[in-house]
Amino acid sequence: MYRSHPVSDLYSCPSGTTVTVAGWVQTVRDHGGLLFIELRDRSGRIQCVIDASANATLEEVAKDLRDEWVISVHGVVGLRPEGTVNATIPGGDREIRVTGLTILNSAKTPPFPVGTTEEVSESLRLTHRYLDMRSPRLLEALKFRSELTTLIRNHMTSQQFWEVETPLLTRSTPEGARDFLVPSRLEKGSFYALPQSPQLFKQLLMVGGLERYFQIARCFRDEDLRADRQPEFTQVDIEASFLTRDKFLGIMEDLFCDIFRTFRGETLSRPFMRLTYEEAMERYGSDKPDLRFDLPIVDISDLAKKTTFSVFTSVAASEKGTVRGLRYPGGAALSRKDVEDLTAWTQSQGAKGLAWIKVDSSGLSSPILKFFPEDIRSSLRERMAAEEGDLLVFVADEKKTALKILGALRTHIAHQADLIDKTRTSLFWVVDFPLLEWNHDEKRHEAVHHPFTAPHPEDLGVLADTPEKTRSLAYDLVLNGTEVGGGSIRNHEIELQRRIFNLIGLTQEEADRRFGFLLEALSFGAPPHGGMAIGLDRLAMILLGRDSIRDVMAFPKTQKGACLLTEAPAPVDSIQLRDLGLKLS
RNA sequence: GGGGCCGUAGCUCAGCUGGUUAGAGCGCUGGCCUGUCACGCCAGAGGUCGCGGGUUCGAGCCCCGUCGGCCCCGCCA
């Protein structure tokens, strides 16, 4: 027998219990004659004691132990002698008095300290991910992920959702993200694509009459990476029939209430707040604002017109131009260099510049203040709800650009000024996304969400005349400033779906060629349906308070899409290429 | 495609204005040690300063290129 208990069970077992535990050697503290082995398994650590005077043979064996060797220890659990208790660690009041020790495997000296808090470069940890995994930090994340998916499975199945697997080898749909392609051997020159999401299949499942479906689905997108983006990631993919948007959002709220109750002990108030896309953009410059702090963006275009500051007056006078501002609480204390850095950062986001006014005990101060008449100064102060100690910052640009920049700046300021209350949860819906937007490069409308999204019924009348003003039945769920999920009610009527394909510049022939199978399916009695996909990795990341999605994945890839452990991607040999009918240029 | 930060011992880092033999802590190897828990003490080994080129009497340090890691913009329906 290798073991009778996981280590953490010993923390509460009675003194005198005979046990066998197995795990890795965290460290050996050899006092010559008295020897302590700290043994670690995934559940925790326990001190094992060997006394040479009691068992010289055991001590001989134990002397050779090195870090990360795998051992099985037999002995009796005992309370530590008075004065030797370590109250800072779990199980620090007890130890195993060893009567038997088996070496199950030796180990090379690890390339970095395992299971300690020392910060080691991520690339080294990724190269030896199996060693990094032994640390409590990663074990905790993987355990949590398992518990989270289990809860989601249980919750969804209890709500009569069926879990269905959809294909990974599927058809490329070149609308949206770049596909990962898989060459076909049997049909040379043709390719499968790995799914960006099971979108089309889940709609087909609805036509197929499953009514309620979910899947913990791996998805693939061949786009550049970020801290919260990996080329393959996991979505909780959900679709349901015969539900209005509001009913469906309610079902999703049930799920999130369950998640927060279970893992945070937190009762979320219902229904979740709903912000329209329009409101979110106007007030926060983002369709996924972090509302753990307020800091709204303020429109001062009308005041800007009344100044003599030409940057403001010219932009404010132009048709699409706007001048908007933000409060930087406590920002008046920033040094000249701090303000320069803030300006540079804002410019890195695409701003032409950053105007600023300090509010301190002596009043307003700024290089541009001389362009502001006295009455405008006081109106501005009032409009911005400025308080003493604030720095007021302003961006003048086209509305879309200004809002985007200020949205980013708003988050930047919140981090810099430490305005985010990490104990709070900000979870709400953004609804009424526009259905379409104009793509300048391709000179056509394209779907904001995806082309299967249903238009808002109230806007069907304007669909033909002003497509970009049509709202949709799409919704996003935003958690602490991150989009953790999104979805929509779909078009279940073929005629409406055809109209939308037409509006995004697809001819009927193209639409039939790419999505003919879906259109065909819609024509065979598709029920009203809609759904959502939840970013499982992002959700786990936020719930665990981690900064990167990589921290909650077992084997993540680097920013260049490489797996440092397996060294994928890698060249393949010429025979493999020949079989596939491929030739490298 | 673009902007920024980083790369020195196994790990984490220091290394001045370009100057002689590149350092520290941890780890590693050997020895000592009966209550440690970051055990302690003694001794020792360990370096292509990411790689390539250039400037210079002389480069870890300056310049150019390149590779790799991270953050961001674009991109991600």
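As the structure is a prediction and not an experimental result, all values here were calculated from the model. The basis for the numbers below is simple: all heavy atoms, side chains too, and nothing from hydrogens, waters or symmetry mates.
Surrounding NZ of A:Lys557 are more than 12 heavy atoms belonging to other residues, nucleotides or ligands, all under 6.0 Å away.
The aromatic rings of A:Trp429 and A:Tyr475 stand perpendicular to each other, their planes meeting at an angle above 60°, with 30° marking the opposite boundary.
In this structure, of B:U34, B:G35, B:C76, it is B:U34 that holds the atom nearest to the side chain of A:Ser53. Residue A:Gln559 has its side chain nearest to B:C70 when only B:C75, B:C70, B:C37 are considered. The side chain of A:Thr84 approaches B:U36 more closely than any other nucleotide in the set B:C76, B:C72, B:U36. Out of B:C39, B:C28, B:C75, the shortest distance to the side chain of A:Thr27 is found at B:C39. When each of B:C76, B:G35, B:C39 is scored by its nearest atom to the side-chain atoms of A:Arg29, the top-ranked nucleotide is B:C39.
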Pairs under 3.5 Å (N/O, protein and nucleotides 30-32 of chain B):
residue, atom, partner, partner atom, Å
B:G30, OP2, A:Arg66, NH2, 3.1

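Pairs engaging residues 344-353 of chain A under the salt bridge (charged side-chain N to carboxylate O under 4.0 Å, His left out) rule: A:Lys352-A:Asp397 [sequence neighbours left out].
For B:C37, its base never sits under 3.5 Å from the side chain of A:Arg45 at any donor and acceptor pair.
Nucleic acid contact for A:Lys404: sugar-phosphate only, since backbone atoms but no base atoms lie under 4.0 Å from a heavy atom of the residue.
Put simply, A:His31 does not rest on the base of B:U36: the two rings are not both less than 5.5 Å apart at their centres and under 30° in tilt.
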message: One character per nucleotide, please: for nucleotides 3-14 of chain B, 5' to 3', B when the base has a protein heavy atom closer than 4.0 Å, S when only the sugar-phosphate does, - otherwise.
response: -------SBS--
